[in-house]
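Computed from heavy atoms alone, side chains included, the values below leave out hydrogens, waters and symmetry copies. Counting convention: from 1, in listed order, for ligands and their atoms alike.
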Amino acid sequence: MSTSIQPNLAHIDLSTGVIAEALEITERHLSDMPGFFQDQQTVHELLPNDPLMYRVYLTRQDGDPNGLYTGTSVIEPGTIGREYYMTKGHFHLANTAPEVYLTLSGQGLLLMQTHSGEIVTQPMKPGVMNYIPGEWAHRTINTGEAQLVFFAVWPVSAGHNYDSIAHSGFAQLVIAGLNGPEIVANPNFTPSHGLGRE
Ligand code: M6P
Ligand code: ZN
């Protein structure tokens, strides 16, 4: 008798993002993001305390290559210099694989960009769904004073390509201005135009 993939159920706390049945919890601290923030002096000062930037709770359907991952991400509030806490950001290895985010609590921004230089920025707040097409790198940024909590769904086959973003950065930075978040050009962005294979 063959074993079929079983239906799954998970309990998600809508304010904290904690998934009771999470099979994997990933924590990313400042030390996991070398070179991601512009203000290296502040990074240097904060590294001994190595603050938590975000957690990812993941549920998995093992053995289903055509399946979907589901998870939550919880980004802490805070800034490094003037830049808000954010995720590393990535392209998908299978570069046609899309992803969906649904914000559960908090406030933030979603930066998206393609290898050919297109840029789209979308707000994230409770009840907002963001659809990220394949080929668009994506990074989330907590611009609020509480945790930013969102639910995500993406294909098992997608995979994460961190190298391109770690090397080039995003074209835009989100910084704390006098009247709230400001989106500014990243002076250190090195576009990977035309490479398309990272
Ligand atoms: C979302 C999804 C995950 C991703 C996580 C953190 O939950 O996109 O696939 O791992 O955010 O983002 P990153 O992997 O870029 O650190
Ligand atoms: Zn993704």
Would A152 count as a polar contact of ligand 1, with the cut-off being nitrogen or oxygen pairs under 3.5 Å?
no

Before signing off on this row, confirm whether Y54 and ligand 1 have an N or O atom pair separated by under 3.5 Å.
yes

Please check if any side-chain donor atom of E21 sits under 3.5 Å from a side-chain acceptor atom of H11, or the reverse.
yes

Quick one: which ligand 1 atoms are inside 4.0 Å of a heavy atom on V56?
5 (C), 6 (C)

Atom 14 (O) of ligand 1 - nearest protein heavy atom and its distance
Y162 OH, 2.5 Å

Looking only at protein heavy atoms, identify the closest one to atom 5 (C) of ligand 1 and say how far it is in Å.
S73 OG, 3.5 Å

[X] near ligand 1, heavy-atom distance under 4.0 Å?
X   : result
R28 : yes
Y69 : no
G89 : yes

Below 2.8 Å, which protein N, O or S atoms neighbour the Zn ion (ligand 2), ignoring water?
H90 NE2, H92 NE2, E99 OE1, H138 NE2

Are F91 and H160, when compared by the centres of their aromatic rings, separated by less than 6.0 Å?
no

Which residue pairs pass the ring-ring contact (aromatic ring centres under 6.0 Å, His included) test with at least one member in residues 121-152, sequence neighbours excluded?
H90-H138, H92-H138, Y101-F150

As a check for students: among H160, E99, H90, identify the option with a heavy atom nearest to atom 15 (O) of ligand 1.
H90

